Amino acid sequence: MTLSPAAAWGILLVAGLCEVGWAIGLKYTAGFSRLIPSLWTLTAMAISVVLLGWSLKTLPVGTAYAVWTGIGAVGTALLGMLLFNESREVARLVCIGLIVAGILGLKLVSE
């Protein structure tokens with residue numbers, strides 16, 4: 001089954017959000033010593049990778065992988081600030097903005 005570009009990008013977005021879920025979930029697993037957070041994290045990992053694979057039926061691998069990791073990095077950094085009171089320094093926010101700009105740029109040139 002071939003995906004339309006719009007469907008592939010939507011699936012990639014959900015895959016990136018699942019990546020955020022498992023990255024944040026790692027914090028709650030306490031080194032995979034807590035059952036429920038560990039199960040959630042492993043499930044989110046599997047879903048994220050499967051969805052990334054589906055998006056690769058249509059999207060270029062380099063672009064899709066970069067966007068997937070970018071969504072994961074930005075989402076995890078922002079949730080880290082909200083949930084774990086991580087640094088909100090201006091320089092850090094600017095760097096996150098640069099990642100977002102890179103994601104958007106890859107999306108625009110991959111149409």
Side-chain angles (χ1 to χ4, degrees):
M1 171 179 80
T2 303
L3 299 170
S4 71
W9 282 106
I11 289 169
L12 184 60
L13 173 64
V14 174
L17 294 175
C18 288
E19 185 184 5
V20 174
W22 70 256
I24 293 297
L26 283 173
K27 182 81 167 175
Y28 292 103
T29 68
F32 288 98
S33 65
R34 297 177 61 215
L35 180 61
I36 299 302
S38 296
L39 291 175
W40 161 253
T41 299
L42 292 171
T43 300
M45 284 177 175
I47 292 168
S48 182
V49 170
V50 167
L51 293 177
L52 172 62
W54 284 353
S55 74
L56 293 176
K57 290 180 178 184
T58 301
L59 302 176
V61 67
T63 298
Y65 184 76
V67 170
W68 179 67
T69 59
I71 292 168
V74 168
T76 302
L78 293 176
L79 280 177
M81 291 176 202
L82 293 172
L83 298 173
F84 309 122
N85 201 33
E86 293 178 358
S87 170
R88 293 172 175 87
E89 289 181 39
V90 172
R92 188 168 191 224
L93 295 172
V94 168
C95 290
I96 291 170
L98 291 170
I99 295 170
V100 171
I103 292 169
L104 293 174
L106 285 170
K107 166 72 171 87
L108 291 172
V109 301
S110 297
E111 295 279 315

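Only a predicted model underlies this, so the values are computations on that prediction, with no experimental measurement involved. The figures here come from the full heavy-atom set of this structure, side chains too, leaving out hydrogens, waters and symmetry mates.
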Check your understanding: If you round to the nearest 0.5 Å, how far is CD1 of Ile36 from CG of Leu39?
Key -> 5.5 Å
**Study point:** Distance, nearest 0.5 Å, that separates CG of Leu93 from OG of Ser87
**Key:** 7.5 Å
Check your understanding: Are Val14 and Ile47 co-members of a hydrophobic cluster defined by side-chain heavy atoms under 4.5 Å apart?
Key -> yes
**Study point:** Under 4.5 Å side-chain linkage, directly or through intermediates, the cluster mates of Trp40
**Key:** none
Point to revise | ILVMFWY network linking Leu106 to Val100, side-chain heavy atoms under 4.5 angstrom | key: yes
Check your understanding: Taking C-beta and beyond as the side chain, do Leu82 and Leu78 meet within less than 4.5 Å on heavy atoms?
Key -> no
Practice item. Would you indicate whether the side-chain heavy atoms of Arg34 and Thr41 approach each other to under 4.5 Å? Key: no
Review point. Counting distance only, does the side-chain N/O of Ser48 pair as donor-acceptor with the main-chain N or O of Ala15 below 3.5 Å?
Key: yes
Exercise for review: Of all the heavy-atom pairs spanning Thr69 and Glu19, show the shortest one and how long it is.
Suggested key: CA-OE1, 3.6 Å
Review point. Do you reckon Ile103 sits in the same ILVMFWY cluster as Leu52, going by side-chain contacts under 4.5 Å, direct or chained?
Key: yes
Review point. What heavy-atom pair brings Thr58 and Ala8 nearest, and what distance separates the two atoms?
Key: CB-CB, 3.7 Å
Exercise for review: With sequence neighbours left out, write down each residue that passes salt bridge (charged side-chain N to carboxylate O under 4.0 Å, His left out) with Arg92, or none if nothing qualifies.
Suggested key: Glu86
Check your understanding: Quick one: do the Trp9 and Ser110 side chains pair a donor with an acceptor below 3.5 Å?
Key -> no
Revision key, fill the gap. Note: Val20 and Ile71 closest approach over all heavy atoms is CG2-O, 3.5 Å
Review point. Is there a side-chain contact between Leu42 and Phe32, using heavy atoms and a 4.5 Å cut-off?
Key: yes
Review point. Roughly how far apart are Leu13 CG and Lys107 NZ, rounded to 0.5 Å?
Key: 11.0 Å
Review point. Hey, are the side chains of Leu12 and Leu51 touching, using non-hydrogen atoms and a 4.5 Å cut-off?
Key: no
Study note, to complete from the structure: In short, Gly16 meets Trp68 closest at the heavy-atom pair N-CD1, 3.6 Å
Review point. Hey, quick one: are Val67 and Tyr65 part of the same hydrophobic cluster, counting side-chain heavy atoms closer than 4.5 Å, chains of contacts allowed?
Key: yes
Revision key, fill the gap. Between Ser33 and Ser38, the two heavy atoms sitting closest are N-OG, 4.2 Å
Check your understanding: Looking only at heavy atoms, what is the nearest atom pair of Ala23 and Thr76, with distance?
Key -> CB-OG1, 3.4 Å
**Study point:** Same cluster (ILVMFWY, side-chain, under 4.5 Å), Tyr28 and Leu79
**Key:** yes
Review point. Under 4.5 Å between any side-chain heavy atoms of Lys27 and Leu83, yes or no?
Key: no
